[in-house]
Amino acid sequence: MTKRTALQKQARTLQAEEGIGYHAALNLAREQANPRRTTATLRPGERPGHHVLAVEGRDHTVYGGDLARYLDGWTPAPGEDVDRLFATGAGALQLVRDEQGQLEDEADAVWAGTGCGRFGATGPRTYDTHLPYLLAVVAALQAAGAHIADFDLYTDEDRRLHVTFAAGRDGAPDDEDDTQRWVLAWIDDRGWFTFLEAGPGESLGSCLSELPCSLMELPEDVAAAVAADRTLVPTPRTDHPLPGLEEPGRGWQPPAGYVTDPEVGNEPGEVSLDLERALAAYCQHPAWLADREQQMAAGR
């Protein structure tokens, strides 16, 4: 029997971890063993002393010769003379993926493997990778009786989810005079918490409280934690749930290896593969699939 090479062993490991085919895993293992390379170009900028550095279709205005701040995920290949490049004012620079860049490539592979990730025509946009998880949680909250006024997601240096509970009680419609409502929130490097909306003249909400949930807690468990706090859900919902979310993910189970409490970094842009895998799992959740069907039917 032929012994497996180190590359083949790594491919088998990646195949199990990423849930992808063997050949895709083998290509990923090769990329990790031989980091991806690219050619960047430097040209004079519009102002004296300014240069434009083009890396994979993106232009960066460079001031001086400090490239590190512009090469996110990249580093000059061995033997490259950056000082000479800036001395001439124009030319090509060979770059190689650094450790952070390789993690970003692996994260992209996680989403590409779902068929609905960063590159999927029917999946979330690049910065909306937390939307499937949001819809799954909203569906679970609705099933638990929560009266939800609105929900949304945000992306800046981190990814955030907000679910705003209606202020009306006893299933009554939301009263516009009730200016302060409870909000369930999630941040991708912090987890779940609640706060009271900002009132008139306030810039921030108040009564912030951590929710006893892991970062990637299963939606039904998030809903259970919310339901245990009658401040957030004073009465069961009696109206109809939001369109498309009538059926939560009953019977849905996360894939093997799903991590509810992935380790995440404290710096913006740090990649946690366990977090990306957990978020990507919700591309197969019924709430997300139902929403996609509605969006496609509406021609969006």
Side-chain angles (χ1 to χ4, degrees), residues 11-22 24-25 28 103-144 151-155 158-163 184-192 211 213-226 244-245 247-265 270-296:
R12 292 297 184 189
T13 300
L14 290 171
Q15 183 181 15
E17 290 179 348
E18 308 293 348
I20 57 180
Y22 175 72
L28 182 56
L103 281 174
E104 292 172 359
D105 288 346
E106 287 189 58
D108 287 341
V110 168
W111 284 97
T114 67
C116 69
R118 296 182 179 184
F119 308 110
T122 60
R125 296 185 299 276
T126 301
Y127 297 110
D128 289 355
T129 47
H130 45 327
L131 178 56
Y133 185 44
L134 169 62
L135 294 180
V137 170
V138 168
L141 288 167
Q142 297 258 31
F151 58 89
D152 208 343
L153 72 166
Y154 308 89
T155 303
D158 50 32
R159 292 169 287 193
R160 302 184 177 215
L161 308 176
H162 282 182
V163 179
L184 172 66
W186 176 91
I187 303 178
D188 66 0
D189 61 357
R190 174 177 177 173
W192 292 99
L211 199 68
C213 291
S214 298
L215 179 61
M216 289 300 300
E217 196 74 66
L218 293 178
E220 289 72 23
D221 294 331
V222 175
V226 170
L245 296 178
E247 288 295 326
R250 292 191 180 95
W252 182 84
Q253 293 294 326
Y258 181 93
V259 179
T260 59
D261 196 15
E263 183 177 348
V264 295
E270 287 191 48
V271 175
S272 166
L273 291 178
D274 282 338
L275 174 59
E276 298 305 318
R277 293 185 188 108
L279 287 169
Y282 289 90
C283 286
Q284 303 304 319
H285 192 279
W288 167 255
L289 297 176
D291 181 78
R292 291 303 88 195
E293 288 182 7
Q294 287 198 353
Q295 297 294 332
M296 293 175 66

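Along the sequence shown, residues carry numbers from 1.
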Compare every heavy atom of [Y] with every heavy atom of [X], then report the nearest pair and how far apart it is.
{"X": "Gly265", "Y": "Glu270", "result": "CA-OE1, 3.3 Å"}
{"X": "Met216", "Y": "Tyr258", "result": "O-OH, 2.8 Å"}
{"X": "Ser272", "Y": "Val264", "result": "CB-CG1, 3.9 Å"}
{"X": "Leu161", "Y": "Tyr133", "result": "CD1-CD2, 4.1 Å"}
{"X": "Ala136", "Y": "Pro219", "result": "O-CB, 3.5 Å"}
{"X": "Ala139", "Y": "Ala287", "result": "CB-CB, 4.0 Å"}

Kindly indicate whether the side chain of [X], heavy atoms from C-beta on, has any atom under 4.5 Å from the side chain of [Y].
{"X": "Thr129", "Y": "Arg159", "result": "yes"}
{"X": "Leu215", "Y": "Glu263", "result": "no"}
{"X": "Leu184", "Y": "Leu141", "result": "yes"}

ring-ring contact (aromatic ring centres under 6.0 Å, His included) between Tyr154 and His162, worked out: CA-CA 8 Å; Tyr154 308 89; His162 282 182; 5.0 Å; yes

Distance in Å, Gln253 CD paired with His285 NE2, rounded so as to fall on 0.5 Å steps: 10.0 Å

Spacing of Glu276 atom CD and His130 atom NE2 [to the nearest 0.5 Å]: 11.0 Å

Results of side-chain contact (heavy atoms from CB on, under 4.5 Å) for Asp221 - residues two or more places apart only: Glu217, Leu218

Set of side-chain contact (heavy atoms from CB on, under 4.5 Å) partners for Leu289, sequence neighbours left out: none

Test log, rule side-chain contact (heavy atoms from CB on, under 4.5 Å), inputs Asp188 and Leu275: CA-CA 8 Å; Asp188 66 0; Leu275 174 59; 4.1 Å; yes

Set of residues satisfying salt bridge (charged side-chain N to carboxylate O under 4.0 Å, His left out) with respect to Asp158, sequence neighbours excluded: Arg160

Worked verdict on Val271 versus Leu273 for side-chain contact (heavy atoms from CB on, under 4.5 Å): CA-CA 6 Å; Val271 175; Leu273 291 178; 4.2 Å; yes

Val137 and its side-chain contact (heavy atoms from CB on, under 4.5 Å) partner, picked from Tyr282, Trp192, Trp186: Trp192

